[in-house]
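Take a look at the structure set out below.
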Number of protein chains: 2
Amino acid sequence: MTETRVPIPTLERLATYLRVLLDLNEGGVETISSQEMEHYSGISAAQFRKDLSYFGEFGKPGVGYSVPQLIECIERILHIDQEQPILLVGAGNLGAALVGYPNFRAHRFRIAAVFDNNFVKIGRPFGELVIEDIARLKEVNAQIGAKLAIIAVPASAAQTVADMLVEAGITGILNFAPTVLKVPPHVFVRNVSFLQELAVLSYHVAEGTEIAQPTGGHRDCAI
Amino acid sequence: MTETRVPIPTLERLATYLRVLLDLNEGGVETISSQEMEHYSGISAAQFRKDLSYFGEFGKPGVGYSVPQLIECIERILHIDQEQPILLVGAGNLGAALVGYPNFRAHRFRIAAVFDNNFVKIGRPFGELVIEDIARLKEVNAQIGAKLAIIAVPASAAQTVADMLVEAGITGILNFAPTVLKVPPHVFVRNVSFLQELAVLSYHVAEGTEIAQPTGGHRDCAI
DNA sequence: TAGATTGTTAATCGATTAACAATC
DNA sequence: TAGATTGTTAATCGATTAACAATC
């Protein structure tokens with residue numbers, strides 16, 4: 001096999017396929033064709049087959065794919081075949097939503113520790129965990145050995161937290177803070193931005209509605 | 001101007017530029033070059049200029065861009081120059097995190113109503129709002145006239161909620177439920193999937209770590 | 001004017017789609 | 001065998017990057 005780089009969109013879709021497959025598996029479905037996957041996932045059959053082709057051959061021509069086997073394979077590919085410990089930084093509303101998120105378990109993600117810098121919160125229970133002092137992050141992760149972390153703190157604190165996470169051996173960060181993190185090249189960051197998503201929607205729902213109105217600037221916003 | 005379709009990634013980046021510009025404006029910065037924007041946003045200067053070019057001309061050659069003017073223009077483009085009412089469905093942990101999210105205000109998004117189907121919750125206060133009966137969704141939105149909504153309910157309820165939202169005149173949905181929504185073509189959906197993001201990170205942090213292990217299936221997962 | 005930086009065009013890159021030979 | 005569906009190749013499409021003439 002040639003060393004082809006896997007496109008990020010392919011990895012994202014893999015998670016969608018897995019979700020569909022887990023549902024089908026619950027329902028006792030044993031085999032699925034790429035055509036059927038298109039129906040359930042909204043992703044084209046050709047795309048599905050192409051995505052899988054980056055990792056090997058998983059189907060039988062004329063038959064389709066074994067649901068349980070494909071689940072196993074995708075879980076292996078995404079390295080969620082074993083439980084993945086995750087550090088959560090920020091014990092606010094968003095953090096609470098995340099520790100209570102029921103779907104993590106099905107994908108074998110486990111929030112293994114929660115940190116905050118607010119001494120009023122430190123030591124308090126948080127879901128099934130106890131909030132730890134952010135200062136102990138490196139020390140605690142020496143035990144846990146997590147590679148993944150979630151940043152759920154205000155934008156003003158996010159970079160400092162990111163630096164501490166990198167220092168503690170984290171190499172993948174899911175960032176909810178609306179800011180651009182600077183990290184070393186071996187660390188991967190994915191940003192979740194509600195504002196960005198809403199902005200894109202806002203543009204679309206208003207399309208065709210706009211009234212061109214000069215600002216009085218040196219040039220109009222020609223929209 | 002020719003009728004060029006604006007790429008979605010361009011719209012996403014627009015929100016990032018806006019965030020940077022708002023920060024700079026706070027700091028009293030009056031002018032910014034595309035080069036400086038690259039530094040602050042991590043997005044290349046060429047990309048920045050190209051992105052803006054879909055909407056008009058906003059800079060002065062040899063000088064750069066006026067920060068306040070560009071803020072105004074981007075807000076106009078994204079249609080967040082006026083307050084945008086948003087319906088929130090789902091008064092759980094995630095919903096609580098969203099109504100309490102401080103950054104919405106800066107982008108003039110306002111959660112105008114919260115709905116749930118749990119009669120224990122209906123009528124209770126939720127942030128500064130009171131939880132409404134989901135059955136009253138259409139009725140309530142007849143007053144509010146929101147075009148945008150956020151789905152923060154379990155996957156099992158998401159499609160039903162989406163149908164009700166469409167019925168109530170919503171044309172843009174931010175979906176937090178891990179499921180593929182079926183909506184009419186005039187309705188735009190953006191999905192936020194923590195699991196998907198974590199899966200992509202999980203793949204990356206584990207790269208190079210993998211041990212090829214046959215499953216005993218008809219063919220190995222060749223990863 | 002000289003220096004800086006824009007807006008745009010052309011070249012590159014990468015991802016998606018379509019088509020089909022191989023295979024069950 | 002005939003019918004179905006895969007995995008892969010080639011064609012298409014779209015987005016990013018680089019380069020530069022126009023402009024302040």
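Computed from heavy atoms alone, side chains included, the values below leave out hydrogens, waters and symmetry copies. Letters A, B, ... mirror the listed sequences (proteins, then strands); counts begin at 1.
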- Note on the structure: In short, salt bridge (charged side-chain N to carboxylate O under 4.0 Å, His left out) pairs touching residues 186-196 of chain B with sequence neighbours left out are E197(A)-R190(B), E12(B)-R190(B)
- Roughly, in whole Å, what's the span from CZ in F58(B) to C1' in dT5(C)? 17 Å
- Message: Counting only side-chain nitrogens and oxygens, does S34(B) get under 4.0 Å of the OP1 or OP2 atom of dT5(C)?
- Response: no
- If we ignore angles and hydrogens, is there a donor and acceptor under 3.5 Å between the side chains of T16(A) and Q196(B)? yes
- Note on the structure: Taken to the nearest whole Å, NZ/K60(A) to C1'/dT23(C) is 12 Å
- To the nearest 0.5 angstrom, please state how far the CZ atom of R49(B) sits from the OG atom of S33(B). 9.5 Å
- Round to a whole Å and report the spacing from CZ of F48(A) to P of dT17(C). 15 Å
- Query: Rounded to whole angstroms, how far apart are CG on L11(A) and P on dT16(C)?
  - Reply: 11 Å
- Separation between CG of N25(B) and CG of L70(B), rounded to the nearest 0.5 Å: 10.5 Å
- Message: Tell me whether N141(A) contacts the main-chain N or O of A168(A) through its side chain, where contact means a donor paired with an acceptor under 3.5 Å.
- Response: yes
- Item | ring-ring contact (aromatic ring centres under 6.0 Å, His included) evaluation trace for Y101(A) with F176(B) | CA-CA 11 Å; Y101(A) 193 61; F176(B) 282 88; 9.2 Å; no
- Message: Is there a side-chain contact between S202(A) and F109(B) in this structure, where contact means two heavy atoms from C-beta onward sitting under 4.5 Å apart?
- Response: yes
- Query: Under 3.5 Å, is there a donor-acceptor pair between the side chain of H39(A) and the main chain of Q35(A)?
  - Reply: no
- Message: Tell me the interatomic distance from E12(B), atom CD, to dT16(D), atom C1', rounded to whole angstroms.
- Response: 15 Å
- Message: Tell me every residue that passes side-chain hydrogen bond (donor to acceptor under 3.5 Å, both in side chains) with E83(A), counting only those two or more places apart in sequence or in another chain.
- Response: R110(A)
- Hey, does T10(B) reach any base, or is it just sugar-phosphate, or nothing, if we go heavy atoms under 4.0 Å? nothing
- Check whether any side-chain N or O of Y65(A) sits under 4.0 Å from OP1 or OP2 of dG7(D), and answer yes or no. yes
- Item | Test item: N175(B) side-chain N/O and A177(B) main-chain N/O as donor-acceptor pair under 3.5 Å | yes
- Reading nucleotides 8-15 of chain C from 5' to 3' and marking B where a protein heavy atom lies under 4.0 Å of the base, S where only the sugar-phosphate is that close, and - otherwise, the string is BB-----S
- Note on the structure: Separation of dT16(D) atom C1' from E38(B) atom CD, nearest Å, is 13 Å
- Check DNA chain D for consecutive Watson-Crick or G-U pairs with both distances under 3.5 Å and list the runs of at least three as stems. C:3-24 with D:3-24
- To the nearest angstrom, how far is D51(B) atom CG from dT6(C) atom P? 14 Å
- Query: Given atom CD of E36(B) and atom C1' of dT6(C), what is their separation to the nearest angstrom?
  - Reply: 14 Å
- Residues from residues 16-33 of chain A lying under 4.0 Å of DNA chain C - heavy atoms: none
- Query: Does F48(A) have any ring-ring contact (aromatic ring centres under 6.0 Å, His included) partners at least two apart in sequence or in another chain, and if so, which?
  - Reply: Y17(A), Y65(A)
